[in-house]
Enquirer: 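Input: one structure, supplied below.
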Amino acid sequence: MRSWLQDWTRDLVDPLIPHASPGGARVRLGVNAALHDDTAAELEAYARPLWGLAPLAAGGGAFAHWPLVRRGLAAGTDPGHPEYWGEPGNEDQRIVEMAAIGFALALAPEQLWDPLGGRERDRVAAWLATALERSTTDNNWRFFGVLASLGLDRVGVAHDRAPVEARLDRLESYALGGGWYADGPTERRDYYVSFAMHFYGLLYATLAGERDPARAERFRERAAAFALDFRHWFAAGGAAVPYGRSLTYRFAQAAFWGALAFAGVEALPWGVVKGYLARHLRWWQGRPIFDSHGVLTVGYGYAQPTLAEQYNAPGSPYWALKAMLPLALPATHPFWTAAEAPAPELEEVSTQPHAGAVLIRAEQGRHVVALSGRQHHAWVRHGAEKYAKFAYSSHFGFSVPAGASGLEQGAHDSALALSDDGVHYRIRAEPFDCTAGEGWLHSRWRVAADLEVETWLLAVPPWHVRVHRLRTGRAVHSAEAGFAIDRDPPLLRDCGPGHARARGEPGLSAIEDLTSRLRGGRPARQGRLVAALPGTNVLARRTVIPTLVAEHEPGEHWLACAVLGLADAPGAWPPAPAVPDLTALLAVDTPGGPP
């Protein structure tokens, strides 16, 4: 595995070399449509490959283009050079990329620092030190100055550590318990917990642990606890549940497992840790995530610009190389010498209150569904779709809209969409009053002042059940959908009163109306199969979405349904699940109980 990762790291970075500027400081991959300026975007494409190249060098792996990388570092930090990166301002994208350079100096100074001349070193150090003088966003960004400091420490540059200590103290204040962090004072608990908060914390624990042993131990203990929850987010074949922002970083999703090895945290047997990383990386190999020149594209399962956040530039995907951190370890490390172990059997349902999630494992772990009940993020593009849909699947992914007109453009999988006119729909965006119990989640959400929904999500493996209390002061249309399924291969399709479903080689997706099972239940909603616009789903380029539709007069309405997704389609339509009595569950947060 070690030689394979070494080769793959070089294969990932080599296609960037022809795009380097003459001085080596800029890597120009195409049009930059991100928030930050073009210089910062070209710095990003220069710096992010260092997340893989520095471990490669630290572990003795060769890379033919270190002279170009060094030349770029010297040019980019020289105010007199035409390729100068510029001095960072507060909350500047340059500070993000300074972390990668600090990391590379800490791991591979022999390649990046030692060959530089005295004046070049002085300029590199002065430029990198400005990361400690600038303010950052109050979230994982506070780690960037810490990593710049680790690089300066490694090459013997004295600097003020007070700003570093202040950042670390603030970062630790985000700890929630059970190994979880929030990404700042927010409701976000996404992959930034794994590939940012824990990843950087474990780097610090390893590189600065002798100087700060108590903090290093806390970082290690939290990581060990988090591993027990995080393993539930991976299917047996290696796929992770796509969820939240920055999915274009792709296999950075599994960087946490390599960081455990780097820091010597045996949270699980080394063969198990190795297996989680190896299966995930193999899952990505062969997927259409590169352009014709071998450069990583913006997207998730394929090139999908509509998925991008407003901070994604052409070089952004190369944060994926964080997954290569174990390459810094010697070949004799037990992470490498242990035999890769399969994913252990885990319980079918894992309730993770800090994340506001319930994880369902089906089909012997081949399919993982994350029910989501509390997270939201209004600032990023498609924030409601990335955080606040009801369910996210390792096999079916989730969808983002291609427009605002109709269900086909909206691609409202795993959501209850509401509309005044039957054309323009809105889904849950910012849940509140969120609670969780064993196997269930509850939240409230508003579409308008006179249109509020209370939602319960219940794990009934391999199904999940949804119940909604809809209060509306106007007549509304509703459309509630299951998982989007790839429609390119032939599918058997069936829809009618109370059901919509499709099955075939891509698996099975079904939604069954259960409203009539509630006391005083209404007639079943009508089933539809919605052909979503191409390029909306993060895994399949063209999908169909089983959906239940209805119209509702002003007043209070109760809706319920069961949703099923299977990676392997059975030979017949499965019956709706034997749902437990919902009365006790609904009474938890509903004065007077269910209808």
Side-chain angles (χ1 to χ4, degrees), residues 26-48 85-86 88-100 134-144 182-193 195-196 242-250 252-253 289 291 295-320 322 375-389 392 397-404 409-411 426-430 533 535-538:
R26 311 285 186 89
V27 176
R28 295 168 172 142
L29 297 180
V31 175
N32 167 41
L35 288 170
H36 44 275
D37 59 70
D38 289 351
T39 298
E42 292 164 1
L43 162 61
E44 178 182 74
Y46 164 89
R48 294 200 171 188
W85 292 320
N90 293 328
E91 302 186 8
D92 194 314
Q93 183 67 27
R94 290 163 179 79
I95 300 172
V96 182
E97 312 318 325
M98 286 172 156
R134 303 293 185 262
S135 64
T136 66
T137 309
D138 188 19
N139 59 8
N140 71 88
W141 274 48
R142 292 188 181 272
F143 260 120
F144 298 147
D183 186 22
T186 73
E187 286 296 322
R188 295 192 298 275
R189 295 97 165 90
D190 52 19
Y191 283 102
Y192 277 82
V193 177
F195 63 52
Y243 176 78
R245 72 198 194 281
S246 298
L247 290 176
T248 198
Y249 302 159
R250 294 187 173 101
Q253 288 172 320
I289 59 177
D291 69 12
V295 174
L296 280 170
T297 57
V298 172
Y300 188 69
Y302 55 96
Q304 187 186 19
T306 190
L307 181 67
E309 283 80 31
Q310 51 268 50
Y311 51 81
N312 287 156
S316 293
Y318 283 86
W319 246 22
K322 286 183 173 183
Q375 295 198 52
H376 54 84
H377 192 1
W379 181 74
V380 298
R381 184 182 295 142
H382 306 314
E385 288 78 14
K386 292 171 180 175
Y387 286 90
K389 287 191 172 183
Y392 297 82
F398 69 93
S399 304
V400 295
Q409 290 187 9
R426 294 177 64 186
I427 67 171
R428 185 176 68 169
E430 297 188 26
L533 260 61
T536 49
N537 185 265
V538 301

Enquirer: When you measure from the side chain of R381 to the backbone N and O of A308, does any donor-acceptor pair fall under 3.5 Å?
Expert: yes
Enquirer: Can you see which heavy atom on Q409 is nearest to which on A404, and at what distance?
Expert: OE1-N, 3.2 Å
Enquirer: Locate the shortest heavy-atom distance separating S316 from R48; write the atom from each residue and the value.
Expert: O-NH1, 3.1 Å
Enquirer: If you round to the nearest 0.5 Å, how far is CG of D92 from OG1 of T136?
Expert: 11.5 Å
Enquirer: Are the side chain of R134 and the backbone of P88 linked by a donor-acceptor contact shorter than 3.5 Å?
Expert: yes
Enquirer: Which residues pass the side-chain contact (heavy atoms from CB on, under 4.5 Å) test with Y302, not counting sequence neighbours?
Expert: P288, Q304, R541
Enquirer: Give a yes or no on whether the backbone of F195 and the side-chain of K322 come within a donor-acceptor separation of less than 3.5 Å.
Expert: yes
Enquirer: Would the distance check show the side chain of H382 and the main-chain N or O of T306 forming a donor-acceptor pair, the cut-off being under 3.5 Å?
Expert: yes
Enquirer: With side chains defined as the heavy atoms from C-beta onward, is the minimum distance between V298 and P314 less than 4.5 Å?
Expert: no
Enquirer: Have a look at L296 and tell me which of T248, D291, L29, I289 forms a side-chain contact (heavy atoms from CB on, under 4.5 Å) with it.
Expert: I289
Enquirer: With a 3.5 Å distance limit and no angle check, can you tell me whether R189 reaches the backbone of D183 through a side-chain donor-acceptor pair?
Expert: no
Enquirer: Does some side-chain heavy atom of R26 sit less than 4.5 Å from a side-chain heavy atom of T39?
Expert: yes
Enquirer: Find out whether L35 and E309 are in side-chain contact, i.e. whether some heavy atom of one side chain is under 4.5 Å from a heavy atom of the other.
Expert: no
Enquirer: Side chains of D37 and R94: does their closest heavy-atom pair fall under 4.5 Å?
Expert: yes
Enquirer: Identify the two heavy atoms, one from Q310 and one from V380, that lie closest to each other, and give their separation to 0.1 Å.
Expert: OE1-CA, 3.6 Å
Enquirer: Between Y243 and Y387, does the ring pair (Phe, Tyr, Trp, His ring centres under 6.0 Å) criterion hold? Intermediate values first, please.
Expert: CA-CA 7 Å; Y243 176 78; Y387 286 90; 5.6 Å; yes
Enquirer: Main chain of E97, side chain of E44: is a donor-acceptor contact present, judged purely on distance under 3.5 Å?
Expert: no
Enquirer: So, does T186 use its side chain to make a donor-acceptor pair with the main chain of R188 at under 3.5 Å?
Expert: yes
Enquirer: I want to check something: taking the side chain as every heavy atom from C-beta on, are R245 and Y311 in contact at a cut-off of under 4.5 Å?
Expert: yes
Enquirer: Locate the shortest heavy-atom distance separating H36 from A313; write the atom from each residue and the value.
Expert: NE2-CB, 3.7 Å
Enquirer: Without swapping roles, check the side chain of K386 against the backbone of V400 for a donor-acceptor pair under 3.5 Å.
Expert: no
Enquirer: Please determine whether side chain to side chain contact (heavy atoms under 4.5 Å, CB included) holds for the pair L43 and Q93, giving the CA-CA distance in whole Å, both sets of side-chain angles, and the decisive distance to 0.1 Å.
Expert: CA-CA 9 Å; L43 162 61; Q93 183 67 27; over 6 Å; no
Enquirer: Determine whether E42 and V27 make a side-chain contact, defined as any pair of heavy atoms from C-beta on separated by less than 4.5 Å.
Expert: no
Enquirer: Could you check whether any side-chain heavy atom of F398 comes within less than 4.5 Å of a side-chain heavy atom of P242, counting everything from C-beta outward?
Expert: yes
Enquirer: Out of the candidates D138, V96, T137, only one should pair with E91 under the side-chain contact (heavy atoms from CB on, under 4.5 Å) rule; please name it.
Expert: T137
Enquirer: Is there a side-chain contact between Y191 and Y249 (heavy atoms, below 4.5 Å)?
Expert: no
Enquirer: Quick one: closest heavy-atom pair of T297 and P317, and the distance?
Expert: O-CG, 3.4 Å
Enquirer: Determine the minimum heavy-atom distance between Y300 and L247, stating which atoms define it.
Expert: CD1-O, 3.2 Å
